[in-house]
Structure formats: structure tokens, C-alpha cells
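Fair warning: this is a prediction, and the values are worked out from it, not measured in the lab. Every number for a ligand or one of its atoms is a count from 1 in the order of the listing. Just the heavy atoms: all of them, side chains too, but no hydrogens, waters or symmetry mates, feed the values below.
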Amino acid sequence: MCGIIGVVGETNSTQAVDVLLSGLKALEYRGYDSAGMFVAGPEGGLVKAVGEIVNLEEEVTSKGEAFAGPSGIAHTRWATHGEPTVENAHPHTDMTEQLHIVHNGIIENYQSLKEGLSAQGMQFSTRTDTEVLAKLIGAHYEGDLLKAVRSALTMVRGAYGLAAMHAAHPDEIVVARLGSPIVIGVAEDAHYVASDSSALLPYTKRMVYLDDGDVAHLTATSYHVATLEGTARELAPETIEGDTEAVQKGGFEHFMLKEIMEGPQVVRDTLRGRLLSDNAKLGGLEPLLPEITSLKRLTIAACGTACLAGHTARYWLEEYAGIPVEVELASEYRYKTNWPEKNHALLAITQSGETADTLAAVREAKELGMLTLGVVNVVGSTIARETDAGVYNHAGPEVAVASTKAFISQLVVLALITMLVGRESKHLSRVQSAELVDALTALPKAIETVLKTAEQVKAVAEKYAQYEHMMFIGRHSHAPIAAEGALKLKEISYIHAEAYAAGELKHGPIALLDENFPVLALAPHDSVYEKTVSNIEEVKARKAPLIVVVNKGDTEAARLADDVIEVPKVHPLLQPIISVIPLHLFAYYVGTKKGFNVDRPRNLAKSVTVE
Ligand code: F6R
């Protein structure tokens with residue numbers, strides 16, 4: 001939510017504009033309401049534009065080559081306080097217009113700070129919390145930027161990832177972190193700052209991840225990290241994997257389609273080195289294995305799509321690993337009364353590893369004395385670092401705002417955890433787990449088969465793009481998959497979509513159905529197939545247009561449907577991973593048919609770092 005990028009280079013370099021623009025493009029998934037940059041030095045200045053980064057790029061280009069400098073900071077915004085306008089775009093400045101800041105997060109006490117500053121005669125041109133922060137730092141500035149940032153931040157309540165520059169010190173950037181991610185990139189002749197390491201990969205792989213409460217001072221040749229109180233912290237750079245290619249579209253029209261199509265490779269990457277002949281090998285969990293296998297209860301906490309991965313895995317963990325599981329919306333978890341027990345852990349599932357609600361759930365569980373585990377995609381992210389143990393997805397960077405490939409990899413990791421715990425606790429026999437290993441090994445091929453039906457799914461999607469409503473149904477572990485199909489459709493096509501466990505239809509929602517309310521039913525050949533077919537009959541009787549997703553060769557459910565999408569039959573535990581792929585494709589093709597920018601749905605941002 002909001003993206004920050006900054007660079008401080010040698011005085012004779014002119015790289016800042018290119019670094020800032022390319023960094024903003026890499027971070028655009030974090031917000032795209034407006035953007036801006038400050039380039040230090042005599043040929044620099046402040047430029048802002050509303051809308052996507054290309055609009056800022058046009059503004060910058062119109063200034064010609066004379067607009068250049070070695071250092072600068074930039075920001076892409078997802079509006080919290082104040083509408084997306086040029087005035088509200090970052091960087092914000094102090095009263096002298098010499099100090100510039102970019103900020104990700106929310107300053108909770110900005111109103112009272114603003115009143116205090118107004119009483120000192122300061123005027124504000126926006127209603128944003130960031131302008132208040134800029135003016136507050138300005139009020140503390142007496143010639144030392146680091147000192148000013150530090151003393152201003154002692155007065156602030158809320159969350160920030162922050163980068164500040166002052167025209168009087170064009171060769172310095174001061175950054176600070178509390179609740180919103182900040183990573184420093186270390187290179188020979190420059191230092192960088194960003195909200196996410198992927199934006200820095202073209203320049204360096206050596207990253208320093210700040211912790212909450214850290215403040216850092218960067219020059220072209222040095223970085224120093226200390227706590228807000230000034231105690232020095234030795235944070236050595238970590239070398240990360242990854243390449244810039246992974247964040248390019250690679251010939252696809254949208255990142256979302258590219259990421260859906262990456263499914264087979266994502267599964268291979270997630271499984272790499274983690275399959276034994278009859279068990280899973282998860283190095284991150286090994287040290288805690290005795291504790292994990294004796295769990296009496298597991299709470300899964302996550303948001304959105306990640307939470308639906310948790311709901312799906314709940315069926316697996318209960319059936320194959322013998323652990324009672326409850327799944328909580330992370331945004332609600334810490335506001336309810338929780339009753340931790342002995343041998344009770346919390347498992348956070350998150351692609352970004354930065355989702356504020358999920359992080360708050362992890363912290364709440366820690367305070368309650370629970371073991372905390374994570375299934376996280378972004379290496380080095382806050383939740384990956386704050387949980388006691390965990391498993392990385394290895395899905396690679398997910399750029400499209402709507403999560404697809406991360407969901408697939410979350411399910412694969414959760415299947416591995418199910419197998420590991422089930423095997424250790426003897427709920428899963430050696431023969432059963434060997435079967436599961438074979439099924440996981442064959443999964444990429446099965447996904448390839450589903451992806452070959454993309455054109456057929458496209459034809460179905462285009463037929464249904466004109467409807468205003470849609471219902472998704474499924475039973476058992478396919479109920480959360482129906483919910484994922486509905487979430488994805490509303491998110492990128494703005495069609496009102498609902499999801500119900502199929503058996504629930506008759507308890508209310510069936511009243512909605514008529515010839516204008518299509519239903520997509522998931523009816524794989526599983527233990528509840530016949531019940532699902534009965535529910536499909538109920539839908540048919542209400543004349544709702546009907547799409548079914550069934551296993552190849554199905555006749556019963558298929559004969560009732562207007563449109564049929566066939567998927568291969570795989571191991572029952574893995575079937576949801578196969579069934580969700582046509583739903584991701586369906587949402588993608590409805591969204592593109594309606595002409596929307598599916599990679600950047602309105603009002604959304606990829607990494608939700610505000611509560
Ligand atoms: C939906 C989607 C969101 C995220 C949710 C959690 O397509 O992407 O619902 O799943 O915001 O994000 P992470 O996984 O980063 O915690």
C-alpha cells in the first residue's frame with residue numbers, strides 16, 4: 001500500500017530520474033492513484049501527477065534532459081487520507097519547501113499534531129497525514145536531517161515507512177520504519193531504499209531489511225542504522241535471489257494472465273527439494289517438528305485469498321493430519337477474545353508478508369504465548385521474520401494485484417505441511433503419503449492440461465460478461481474455492497458475485513436466482529459429488545444459467561449445465577488446486593472483455609499495510 005523508492009548516488013552521476021521511474025513502475029502494484037518524485041540538486045526539483053506512473057513519466061519527460069540529478073525520492077500512492085490529487089501526491093514538503101518526504105502508512109495522531117503546528121503559525125495545503133509529518137520534521141530541523149527525523153518521530157503515533165531528503169543535504173537520505181516495510185539496497189557507488197526489494201533488483205541483490213523502530217542514514221558510500229533513540233544497530237546486507245525478468249510481463253498482455261500461466265512452474269518451484277518418497281521435507285519447520293506434530297489445535301489467520309487458502313487447508317489438516325483447525329479473518333482476530341490452549345499455534349498465510357492485519361494477528365498470538373508459524377511468499381518480509389518458523393512459497397514475485405499464483409503455491413505448501421504433520425502423527429499411512437507424493441509430482445502436468453483449456457474458458461467468460469450478478473457454489477474443500485472464484489470476479493470485473501457452500505443455497509440465497517443470475521458450480525467427482533448434483537438440480541429448477549466445472553468425462557452434472565468446463569481428476573486433496581485455475585481464468589477473461597485494467601483494479605492495492 002503505497003510504494004517508496006529512493007537513491008543516493010555519487011555527485012557526478014545523473015541516474016536518479018531513471019532509477020526512480022523504473023522503481024515506481026516495479027512498485028505500482030502497491031498503489032496507483034497518483035505519484036511524484038523529488039530529485040535533489042540544481043537540475044532537480046519536485047514533479048507530481050495524478051493517475052498511473054506513465055502520467056508522471058510524461059511530466060518528467062516534458063522537462064527534458066536538464067531534469068536530472070544523482071539522488072532523489074519518489075512515491076506511488078494508494079489514497080488513505082485525502083483524494084488522489086496532485087496536491088495530495090507525495091513527496092510532501094515542510095514550510096520552507098526544502099525538506100521532502102515520501103511516506104507509506106498512517107499517522108494516527110495527525111490531527112492533534114496538526115493543531116499544534118497550526119498554533120505555531122503553520123499552514124496546510126492538504127488534508128493528508130503525510131503533509132503534517134513533513135511539517136513536523138521541518139519544525140524540528142536545525143541543520144541536521146537525521147536529528148530532525150528522529151525527534152519528530154518520537155511524537156508520532158501510527159505506522160510509517162519513510163524517506164526524507166533536504167535540499168541543503170542533496171547527498172543524504174534518512175529513512176525510518178514502523179509498521180510499513182523499508183529495505184535498503186547496498187551497491188558500490190550508491191545506496192537505495194524501497195518498500196519492496198523487487199524494485200531494487202536491477203541495481204543490487206544486497207539488501208538490509210529495517211526492523212520496526214529503526215532509523216537509517218544513507219549516503220552514496222555508507223549506511224548507518226540505529227534505533228529511534230539512537231542506539232547503533234549492526235544490520236549486515238543479505239544477498240537475495242531473484243531476477244528482474246520475473247517482474248516483467250514476458251510477452252503477456254497482463255501480469256495476471258502471465259501469473260496464472262506460470263502455475264506449473266510455480267508448483268515445481270514450491271516443491272523443489274521438499275518431497276521425499278513418502279513424506280515432505282520442510283527445513284523451516286524441522287527444529288519445531290516435535291511441537292508442531294503434537295499440536296492440539298491450530299488457528300489459521302489470513303486475509304482475502306490467503307484466508308481462502310486457509311479455509312481449503314482446514315479440510316486437509318483435519319482429515320489427513322488430525323489437527324482441529326479454526327480459520328480466522330486476520331482483520332478480526334485481535335478484536336475478539338482468544339483462548340489459547342497448551343499446544344495451540346497460529347499459522348499466518350500471506351503472499352506479501354506485510355499485510356497489517358495478518359501481522360497484528362501474529363503479534364497478538366505471540367503475546368498470548370502461542371507458537372507462530374508462517375506460509376509467506378516474500379523472502380525477508382516482516383511476517384516471515386516475526387513468526388517462530390515457517391515455509392516460503394517460492395512462487396516468485398506476484399505483481400498483479402489479484403492473487404493467483406501465490407494462492408496455488410499457498411495450497412501446495414499447505415498440502416506439504418498436512419503431509420508432514422499427518423505422517424509424523426500417524427494419521428497418514430506410509431502408503432497414503434507415498435500416493436500424495438506421486439500426486440504432487442504429477443500436479444504441474446495436470447495444471448498444464450487445465451491451462452490448455454484457456455481459450456474455451458475465455459469463450460464461456462465472454463458469454464457471461466454481460467450479467468450483473470453471479471453465484472459460485474461448491475461443497476467441502478471446494479466451498480472455499482467457490483469463494484475464491486467469486487472474490488476474483490468481483491475484484492477485477494466489478495460484477496456482484498456471491499459464494500455459498502452449495503448446501504446453504506436452500507437456506508436463503510436461492511431466493512436470488514432466476515434467468516438473470518448465473519451460477520458457477522464446482523462439481524468434481526469427490527465424496528460429496530452426488531449432494532452437489534442435487535444442489536445443481538435446485539439451481540436448474542430456478543432457471544439460472546449454469547456453468548459447471550467437472551472432472552473429465554462427467555455426465556450427470558454436465559447434462560444439467562449450459563456450459564461445461566472439464567478439468568482432470570487428481571488426488572482428492574489436490575483437486576481444489578486444479579479446480580481453481582478455470583475460475584482465475586474466468587475472472588481474467590470477464591475483466592478483460594469488459595475492458596478493465598485487470599492488473600490494477602480500482603480502489604485496491606497489492607500489499608495492504610494499513611489496518
Ligand atoms: C485477492 C487478493 C487479496 C490478498 C489479501 C492478503 O486477489 O490478492 O485478497 O490475498 O490482501 O494479502 P497477503 O497474501 O499479501 O497477506
Side-chain angles (χ1 to χ4, degrees), residues 1-3 27 29-31 78 179-181 195-196 198 254-257 259-260 266 300-313 327-333 346-363 373-384 386-387 390-393 395-411 413-414 472 480-481 483-495 497 499 580-581 583-588 590-591 596 598-611:
M1 203 141 266
C2 297
L27 294 169
Y29 70 88
R30 300 178 70 91
W78 186 89
S180 296
S195 308
D196 176 337
S198 65
H254 296 101
F255 280 110
M256 183 175 173
L257 185 59
E259 288 164 2
I260 296 172
V266 164
I300 295 179
C303 297
T305 286
C307 194
L308 295 172
H311 278 286
T312 312
V327 186
E328 302 275 3
L329 289 171
S331 53
E332 290 292 319
Y333 180 67
L346 178 127
L347 171 69
I349 306 172
T350 167
Q351 187 285 130
S352 62
E354 302 291 350
T355 300
D357 290 318
T358 310
L359 178 59
V362 168
R363 288 178 177 166
L373 307 170
V375 171
V376 182
N377 192 35
V378 177
V379 175
S381 56
T382 309
I383 293 173
E386 289 205 11
T387 40
V391 184
Y392 279 123
N393 297 23
E398 189 177 62
V399 178
V401 165
S403 185
T404 55
K405 70 172 182 174
F407 183 66
I408 301 294
S409 67
Q410 282 158 354
L411 291 177
V413 169
L414 291 162
F472 288 71
I481 299 302
E484 166 64 3
L487 174 61
K488 216 97 306 177
L489 187 69
K490 58 190 143 195
E491 188 177 11
I492 60 170
S493 75
Y494 318 141
I495 289 177
V580 79
I581 291 168
L583 305 195
H584 284 166
L585 286 168
F586 182 83
Y588 172 77
V590 173
F596 297 132
V598 293
D599 279 344
R600 298 193 203 118
R602 69 187 181 204
N603 307 338
L604 293 175
K606 180 92 189 138
S607 183
V608 187
T609 52
V610 292
E611 290 165 27

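By the salt bridge (charged side-chain N to carboxylate O under 4.0 Å, His left out) test, Arg602 pairs with no residue at all, sequence neighbours left out. Taking the side chain to side chain donor-acceptor pair (under 3.5 Å) definition, one finds that Thr305 meets it with Glu484, Lys488, sequence neighbours left out.
Checking only distances, Gln351 does come within under 3.5 Å of ligand 1, N or O to N or O. Considering backbone and side-chain N/O of Ile349, none are found under 3.5 Å from N/O of ligand 1.
Short contacts between ligand 1 and Ala306, defined as distances under 4.0 Å to a heavy atom of the residue, involve ligand atoms 10 (O), 14 (O). Interface of Lys488 with ligand 1, defined as ligand atoms under 4.0 Å from a residue heavy atom, comprises 1 (C), 7 (O). Atoms of ligand 1 found under 4.0 Å from any heavy atom of Glu491 (numbered from 1 in listed order, with element): 1 (C), 2 (C), 7 (O). Near Gly304, with a cut-off below 4.0 Å to any heavy atom, the atoms of ligand 1 are 9 (O).
Contacts of Glu354 with ligand 1, taken as heavy-atom pairs under 4.0 Å, are absent altogether. Counting heavy atoms closer than 4.0 Å to ligand 1, residue Val401 contributes backbone atoms (N, CA, C, O) but none from C-beta onward.
Taking 4.5 Å as the limit, every side-chain heavy atom of Asn393 sits out of range of all side-chain heavy atoms of Gln351.
To the nearest 0.5 Å, atoms CD (Gln410) and NZ (Lys405) are separated by 12.0 Å.
The option from Cys307, Ser352, Gly353 that lies nearest to atom 15 (O) of ligand 1, judged by heavy atoms, is Ser352. Among Ala400, Ser381, Cys303, Ala302, the residue whose heavy atom lies nearest to atom 6 (C) of ligand 1 is Cys303.
The closest side-chain donor-acceptor pair between Thr382 and Glu354 falls under 3.5 angstrom.
Below 30°, between 30° and 60°, or above 60°: for His254 and Tyr588 the angle between ring planes is above 60°, a perpendicular geometry.
In this structure, the side chain of Asp357 does not engage the main chain of Glu332 through any donor-acceptor pair within 3.5 Å.
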